[in-house]
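Report on the following structure.
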Amino acid sequence: MYKNLLLDDIETAILQAIENKKLGNMEEYTKGSLVIEKPKNSDFGDFAVNVSSLARQARIAPPMIANAIVECLGDKEYETSVVGGFINFKLSEKMLTDVIVEILNKKENYGKPENIEAEKIILEYVSANPTGPFHIGHGRWAAMGSALANLLKFYGHDVFQEFYINDAGSQIQKLGRSLLIRVKQELGENIDFPEDEQERKNYYPGEYLIPVAKDFLKENQPTEDIQVLSDYAKKYMENVQKELLEKFRVHFDKFYSELDLHNSGKVDASYQKLQESGKLYEKDGAMWFKSSEYGDDQDRVIKKADGSNTYLTADIAYHIDKLDRGFDRLINIWGADHHGYVPRVKASIEALGYDPNKLEVLLGQLVNLVINGNEVRMGKRKNMVTLEDLIDEVGIDATRFWMCMRNIDTTLDFDIELAKTASDENPVFYVQYAHARVCSILRNLVNEKLNTETGEKTPAPMTEEEFENAISNVDYEAMKKAIPTAKKLILKLEEFKSMIESSAKSRTVYTVCRYVQDLAGEFHSFYNSNRVICDDNDLMKSRVALVYSIKTVLKNALDILAVNAPERM
RNA sequence: GUGCCCGUAGCUCAGUUGGAUAGAGUGCAGGUUUCCGAAACCUGAGGUCAUGGGUUCGAUUCCCAUCGGGCAUACCA
């Protein structure tokens, strides 16, 4: 990508300038200390670099530094100009053409970096309790996690997606007790969940267990055995969750059961290892882990006074297991309500002799539901608007896009009315419309036109063969005519590569959403003042190559988000 | 109380190791269609970057304090 090329050139020139004693007191330069950026005002150029930061070391004014560097740059394809401490770059038409050539050659691989250090990554997300249907908050992790997985894969990493099923704790008994009440209700018994708020907390009073009870009775004899009921409800909810994930285009390579983890002996084994490391001690009849020695604000209980394990014990074993499976990097997406949990898990990893920096936890702020302009707090069990309800109302594409379009650091306000009306106010349609429009142009190019009133046929502007030729044999001569009116558009297409790199490195998917909106905007703007199908054959051919490139890049970006790129709308 | 996240246009949000006139969408006002999809485009108004200090040639960005919002502070999971 041109950012890297320009930076290389500039850094070489700086080293040359230092050697020639043109940079005052400056004696050395560390690569990577400058950044190529886009000028705020495009009149300055296509790219720019600010060299003011070198002034302190060189002890001469920024403009002089900039000029000295430019002098050492030599003849290049692009033009340079100096304004204050900035060196501005203007790409040549040949360089712009090369962007299109590259896209048309690489197609669905355009944007993938050539040489990166591929990491073996395990990405864990959603990891919900199998005690009920997903709510909207789970939808955010599902959409963002799957998009992040797609992004990291596209970038070249080896990504394994995993869902940790919390199927071992007391909440499972609670689920069974709740199902028992629903079963009894089905059998005509006059019984309900306790009114008392404290007691009610021991149940899941949501109506979603009613169909579960019905199905249970179809397949089983009535029972009051909580274990049987728990197992049934748990499996049932797991299947409900799995089906919805697939429908939502979220694919996990493995569903890892906490119960299996316990049964495998791995939890006991990691407890043993912790004990051997000397980081456990007894207090008040319980076993404590000295996590405060590793930056946690206090020590944590690892085995309760009654001899049972805490949730943390299993989670330590789980993370150690991930490391033992040979992953270079563990990325977890957790809700912000679990943020206090990060230091203790890292502490345990370190205490057991692993590198805690291999674990990256992306903490996501929660989702607020906005109904009729009022925020509805997402309680875990009350006010439940399920993810499925949401998808049914606003569609998969819109839901995925909305969930991904904000930085994970900010609380997401999901305005259900806005998402439902979902037309002009919805950015996903704006982007999809751009893709459909491109496809429409491409169709019109090779289809003859029929006048419905007169029955007359106008021949297609291009034959299939001419079309194939226009998008496969492209060089500067062929593209030249399209360049002057398409400069901004081509620069945006070029930006796809640097966007992919920075998004992958910073683990953000909202930047991909922003990019597709920008690209769609550039295209719509271009479309309004330039025609693709026109009388000038050379111009038409070159614009066909341009428009086909846009379609390719839009598709590549939307594929990462797992949002459809429709041919028609 | 303590820790983490946040506070930028009416609203929802960007702002890349500190740097050019703080940007986009939406909303509002106005304009654009004999021609490839007007679900689009163009123009305009709209800002004490929460507040007050500090560091710096330069702060929306870094530091401190205050105010406001969210989350967490279990031998629950």
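Chain letters run A, B, ... following the sequence lines, proteins first, then strands; residues in each count from 1.
Toward the 5' end of RNA chain B, the nearer of the two residues Asn41(A) and Arg406(A), judged by each one's closest nucleotide, is Arg406(A). When the nearest nucleotides of RNA chain B are assigned to Asn407(A) and Asn530(A) by heavy-atom distance, the more 5′-ward of the two goes with Asn407(A).
Taking every side-chain heavy atom of Tyr433(A) into account, A39(B) is the closest of A39(B), C5(B), C36(B). Of the candidate nucleotides C75(B), C5(B), C42(B), C42(B) has the atom nearest to the side chain of Ser525(A). Listed nucleotides: G37(B), C13(B), C75(B). Nearest to the side chain of Thr410(A): C13(B). Here the nucleotide nearest the side chain of Gln365(A), chosen from C75(B), G37(B), C5(B), is C5(B). The Tyr430(A) side chain lies nearest to C41(B) when the options are G19(B), U17(B), C41(B). Minimum atom distance to the side chain of Arg531(A) is reached by C36(B), of the listed U12(B), C36(B), A20(B).
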- Task: Report the secondary structure of RNA chain B in dot-bracket form, marking unpaired bases with a dot and bases paired to a different strand with |, and treating Watson-Crick or G-U pairs with both distances under 3.5 Å as paired.
- Result: (((((((..((((.....[...)))).(((((.......))))).....(((((..]....))))))))))))....

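Side-chain contact check for Tyr281(A) and Asp299(A): at least one donor-acceptor pair (N or O, by modelled atom type) lies under 3.5 Å.
Using a 4.0 Å heavy-atom distance criterion, Met569(A) is classed as a base contact.
Aromatic ring orientation, Tyr256(A) versus Tyr164(A): tilted (interplanar angle from 30° to 60°).
Applying the 6.0 Å contact sphere to NZ of Lys555(A) captures no more than 12 heavy atoms from other residues, nucleotides or ligands.
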